[in-house]
Amino acid sequence: MSATVSFEVPSARGPRTVTLSYARVGGGEPLLLLHGIGHHRQAWDPVVHLLAAEREVITVDLPGFGASPALPEGLRHDLPTMNVVLGALCEALEIERPHVAGNSLGGLLALELGREKLVRSVTALAPAGFWTQAERRYAFGVLRTMRTLARRMPLPLVERLSRTAAGRTALTSTIYAHPARRSPEAVVAETLALAQADGFEETLRAGVGVRFTDVLPGIPVTVAWGTKDRLLVRRQGVRAKQVIPRARLVRLPGCGHVPMNDDPALVARVILDGSR
């Protein structure tokens with residue numbers, strides 16, 4: 001069951017109210033899951049039931065994505081603001097230092113929360129921030145193209161394409177290595193989520209100069225990369241290991257940029273092992 005939570009965060013113009021959509025299931029130590037740019041919390045659906053057997057799992061729509069409205073005036077969609085917002089979210093939900101796992105943008109946000117000592121452990125699946133400028137420009141170009149196509153396609157066309165494996169491949173092969181495994185309903189929902197993401201442009205602009213360079217001492221860190229990632233190529237995982245030498249670097253055979261749907265059992269095991 002989804003729910004919403006509202007809380008105040010400071011800004012230069014005084015407190016601002018942020019509202020986020022989230023879901024909470026399972027039992028055990030808390031585990032916060034963060035999705036990528038243009039996606040929504042349902043990206044985690046293939047692994048939530050596996051994780052919930054051992055963790056209290058909280059999935060959240062980031063500001064301006066999914067069912068969460070964009071940040072109010074006076075708050076930017078940048079990393080410092082997101083640290084504050086996610087810290088305030090945990091406080092509002094009475095979650096003290098959860099484990100956190102994130103994919104792409106969510107992986108970078110998870111690492112940022114680790115840098116701020118706000119979490120117990122970090123699992124980052126193909127996190128942003130370990131790119132060269134050429135790799136970043138390529139990824140941003142692909143993301144903008146995906147966004148443009150999603151906004152231009154009428155819903156009946158999206159629904160028709162989603163009913164066939166070839167159509168699902170056309171819509172989602174950039175992020176999934178096995179797009180045909182995604183359900184038609186999920187493909188329609190995530191295409192709409194990308195088209196309607198109010199926070200997309202500002203979040204992308206805020207990422208232009210981002211590079212993650214901290215070693216994250218004193219916290220367990222796992223970085224995992226799909227061998228078939230077409231958006232953030234897997235050599236970026238080697239760079240992540242060089243930046244965070246004590247991190248556990250895990251290869252995800254046959255997985256694309258959003259690996260949760262390509263191999264749910266493997267991804268769930270990586271997250272659970274990384275959050276012991």
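Positions are given from 1, in the same order as the sequence printed here. Computed from a prediction, not measured in an experiment: that's the story for all the values here. These values consider heavy atoms only, across backbone and side chains, with no hydrogens, waters or symmetry-generated copies.
Here the straight-line distance linking atom CD1 of I37 with atom OG1 of T203 works out to 5.0 Å at 0.5 Å rounding. For the atom pair L231 CG and E135 CD, the distance stands at 11.0 Å (nearest 0.5 Å). Going from atom CE of M146 over to atom OG1 of T172 covers 8.0 Å, rounded to the nearest 0.5 Å. Atom CZ of residue R182 and atom OH of residue Y176 lie 3.5 Å apart, to the nearest 0.5 angstrom. Remark: S162 OG to E185 CD distance equals 7.0 Å, nearest 0.5 Å. Rounding to the nearest 0.5 Å places CH2 of W44 at 8.0 Å from CG of L31.
The two residues R230 and A177 make their nearest non-hydrogen contact at NH1-CA, 4.2 Å. Summarising the geometry of G87 relative to L118, their closest heavy-atom pair is CA-CD1, 4.5 Å, with the distance given to 0.1 Å. L232 and W131 get closest at one heavy-atom pair: CD2-CE3, 3.8 Å. Nearest heavy atom pair, residue V215 against residue I244, reads O-CG2, 3.2 Å. The two residues G199 and H77 come nearest to each other via the heavy atoms CA-CE1, 4.0 Å. For the residue pair L34 and A110, the shortest heavy atom distance occurs at CD1-N, 4.1 Å.
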Next on the checklist: Using side chain to side chain contact (heavy atoms under 4.5 Å, CB included), reason through V188 and L155 one step at a time and then give a plain yes or no.
Outcome noted: CA-CA 8 Å; V188 172; L155 180 58; 4.0 Å; yes

Checklist entry - Please walk me through it: do T227 and R251 pass side chain to side chain contact (heavy atoms under 4.5 Å, CB included)? => result CA-CA 7 Å; T227 60; R251 182 173 172 266; 3.4 Å; yes

Next on the checklist: Before you tell me yes or no, could you show the steps for R55 and L272 under side chain to side chain contact (heavy atoms under 4.5 Å, CB included), namely the whole-Å CA-CA distance, both residues' side-chain angles and the distance that decides it to 0.1 Å?
Outcome noted: CA-CA 8 Å; R55 301 282 184 273; L272 290 172; 3.8 Å; yes

Checklist entry - Checking side chain to side chain contact (heavy atoms under 4.5 Å, CB included) for the pair E190/H40: CA distance, chi angles, key distance, verdict? => result CA-CA 7 Å; E190 64 193 359; H40 54 176; 3.8 Å; yes

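Side-chain atoms of R248 and T222 include a donor-acceptor pair closer than 3.5 Å.
Two residues are said to be in side-chain contact when any heavy atoms from C-beta on lie closer than 4.5 Å; I175 and H39 meet this criterion. Within the 4.5 Å cutoff, no side-chain heavy atoms of S68 are placed close to those of V18. You'll find the side chain of L32 stays beyond 4.5 Å of the side chain of L93, heavy atoms only. Two residues are said to be in side-chain contact when any heavy atoms from C-beta on lie closer than 4.5 Å; D263 and L252 fail this criterion. Annotation: side chain of D61 is not in contact with side chain of L20 (no heavy-atom distance under 4.5 Å). Two residues are said to be in side-chain contact when any heavy atoms from C-beta on lie closer than 4.5 Å; V210 and R136 fail this criterion. Between F200 and L194, some side-chain heavy-atom pair lies under the 4.5 Å cut-off. A heavy-atom distance below 4.5 Å is found between the side chains of M153 and L171.
The closest donor-acceptor contact from the side chain of R239 to the backbone of F130 lies under 3.5 Å. Judged purely by atom type and a 3.5 angstrom limit, N261 has no side-chain atom pairing as donor or acceptor with the backbone of S183. For the pair R181 (side chain) and D262 (backbone), a donor-acceptor distance under 3.5 Å is present. In this structure, the side chain of H178 engages the main chain of G254 through a donor-acceptor pair within 3.5 Å.
Crowding of E91 atom CD: a count of heavy atoms from other residues, nucleotides or ligands under 6.0 Å not exceeding 12.
Grouping the Ile, Leu, Val, Met, Phe, Trp and Tyr side chains by contacts below 4.5 angstrom, directly or via other members, places V25 with Y22. Transitive grouping of hydrophobic side chains (ILVMFWY, heavy atoms separated by less than 4.5 Å) brings L249 and L125 into a common cluster. Criterion: ILVMFWY side-chain heavy atoms under 4.5 Å apart, direct or through other members. Under it, I95 and V48 are part of a common hydrophobic cluster. Connection of L113 to L89 is established within a shared hydrophobic cluster, with ILVMFWY side chains joined at heavy-atom distances below 4.5 Å, either directly or through further cluster members. Cluster membership for V258 and V187, using ILVMFWY side-chain heavy atoms within less than 4.5 angstrom, is not shared.
Among R120, R276, E56, the single residue meeting the side-chain contact (heavy atoms from CB on, under 4.5 Å) criterion with E29 is R120.
Between E112 and R115, at least one side-chain nitrogen of the basic residue sits less than 4.0 Å from a carboxylate oxygen of the acidic one, meeting the salt-bridge criterion.
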